[in-house]
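Quick notes on the structure that follows.
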Amino acid sequence: KKIVVLISGSGSNLQALIDAEKRGELGGKITLVVSNKKSAYGLTRASEASIPTYVQMLKDYKAAGKTRADFDRDLAEHIETTQAPDLIVLAGWMHILSPAFIDRLSGRIINLHPALPGELDGAHAIDRAYEEFKAGNRSRTGVMVHYVIPEVDKGEPIMTQEVPCKHGDLLEDLETRIHAVEHQILPKAVCAVLESMK
Ligand code: GRF
């Protein structure tokens with residue numbers, strides 16, 4: 001099974017997928033890593049694992065007078081024509097994908113989001129969970145992997161895990177606890193989805 005991973009940043013979740021593949025626990029092979037940021041450290045992680053990379057940046061499209069839909073359509077086309085993957089994994093991908101992308105690869109896209117279903121959709125979910133915890137309005141948050149549909153972070157959950165907020169936590173304590181759970185849950189979710197495709 002072929003997997004394409006999309007990243008925008010450090011790629012610690014990509015690294016968890018690479019490590020799981022090395023252990024024979026991913027259920028598939030990562031054949032391409034895509035980033036919308038040239039500086040994403042995850043690109044270095046891919047190269048060090050001999051995985052091909054592809055960078056496509058929105059600012060190039062804007063400079064050429066093209067739209068987000070053009071960007072999304074071209075990216076989906078590139079992924080499909082060069083890889084025809086079984087699964088596309090958004091792992092710290094910070095670009096809202098339009099139907100131009102989702103429809104082309106429909107049913108094969110999953111996303112990692114550091115919150116529980118129906119809570120804290122959208123960006124900065126960890127920060128917002130922490131603020132609510134500090135205000136006494138939240139005692140736990142969580143992580144989910146879900147199918148991607150046009151509504152941001154609203155697709156059917158595949159796997160979720162609660163993460164407790166602890167008395168005295170600083171933001172980085174909660175971030176560390178959440179990322180540790182992400183690194184565990186994402187490879188398991190990828191493996192489960194690929195198994196369900198057999
Ligand atoms: C993760 O918390 C992910 O859930 C969120 O952005 C972060 C990306 O981390 N979307 P990394 O790039 O995988 O280290």
Side-chain angles (χ1 to χ4, degrees), residues 3-22 26 30 32-49 51 53-58 72 75 87-98 101-102 109-133 138 140-165 169-193:
I3 305 163
V4 171
V5 183
L6 277 61
I7 61 165
S8 297
S10 69
S12 69
N13 285 286
L14 166 67
Q15 191 62 58
L17 296 173
I18 291 169
D19 297 345
E21 182 181 338
K22 283 197 185 102
L26 197 58
I30 303 167
L32 180 69
V33 169
V34 172
S35 179
N36 63 332
K37 300 286 182 204
K38 193 168 45 191
S39 58
Y41 183 66
L43 293 167
T44 303
R45 296 178 193 269
S47 302
E48 286 174 353
I51 302 169
T53 60
Y54 177 76
V55 176
Q56 185 176 299
M57 294 188 291
L58 187 59
D72 291 358
L75 185 56
L87 188 62
I88 295 97
V89 182
L90 310 186
W93 171 256
M94 306 305 279
H95 168 104
I96 294 174
L97 291 164
S98 64
F101 182 96
I102 297 169
I109 315 167
I110 67 174
N111 178 50
L112 170 70
H113 183 61
L116 291 174
E119 298 186 4
L120 302 162
D121 295 339
H124 311 300
I126 300 174
D127 294 320
R128 288 183 285 141
Y130 184 73
E131 289 314 311
E132 291 179 7
F133 162 62
R138 174 178 290 279
R140 61 102 185 94
T141 181
V143 175
M144 70 167 162
V145 182
H146 64 94
Y147 284 103
V148 172
I149 60 174
E151 293 77 21
V152 176
D153 296 330
K154 283 287 186 203
E156 179 199 347
I158 297 160
M159 221 172 257
T160 66
Q161 183 167 333
E162 289 196 355
V163 177
C165 304
D169 268 349
L170 300 177
L171 174 58
E172 65 255 31
D173 299 317
L174 182 57
E175 284 172 337
T176 301
R177 198 173 304 126
I178 285 175
H179 291 324
V181 169
E182 289 180 325
H183 301 160
Q184 294 296 316
I185 195 174
L186 187 58
K188 288 191 178 80
V190 166
C191 196
V193 169

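Both counts, for ligands and for their atoms, begin at 1 and track the order of listing.
- Here the heavy atom of the protein found nearest to atom 4 (O) of ligand 1 is E182 OE2, 2.6 Å.
- Closest of all the heavy-atom pairs between L90 and L97 is CD1-CD1, 3.8 Å.
- Here the CG atom belonging to N13 is positioned 5.5 Å from the CG atom belonging to L186, to the nearest 0.5 angstrom.
- With respect to atom 9 (O) of ligand 1, the closest heavy atom belonging to the protein is N13 ND2, 3.6 Å.
- Checked against side chain to side chain contact (heavy atoms under 4.5 Å, CB included), E175 has the following partners two or more places apart in sequence or in another chain: I126, D127, L171, E172, H179.
- The residue from L116, T160, L112 that alone fulfils the side-chain contact (heavy atoms from CB on, under 4.5 Å) condition with V143 is L112.
- Not counting sequence neighbours, K38 has no partner by the side-chain hydrogen bond (donor to acceptor under 3.5 Å, both in side chains) test.
- Close to ligand 1: L112, with a non-hydrogen atom less than 4.0 angstrom away.
- Distances from atom 7 (C) of ligand 1 to the heavy atoms of A16, G92, A91 show the closest one on G92.
- When each atom of ligand 1 is checked for a heavy atom of H179 under 4.0 Å away, the hits are 1 (C), 2 (O).
- At least one heavy atom of M94 sits less than 4.0 Å from an atom of ligand 1.
- Comparing S12, G42, G9 against atom 11 (P) of ligand 1, the shortest heavy-atom distance belongs to S12.
- In this structure, H95 NE2 and S35 OG are separated by 11.5 Å, a value rounded to the nearest 0.5 Å.
- Protein heavy atom in closest approach to atom 12 (O) of ligand 1: G11 N, 2.8 Å.
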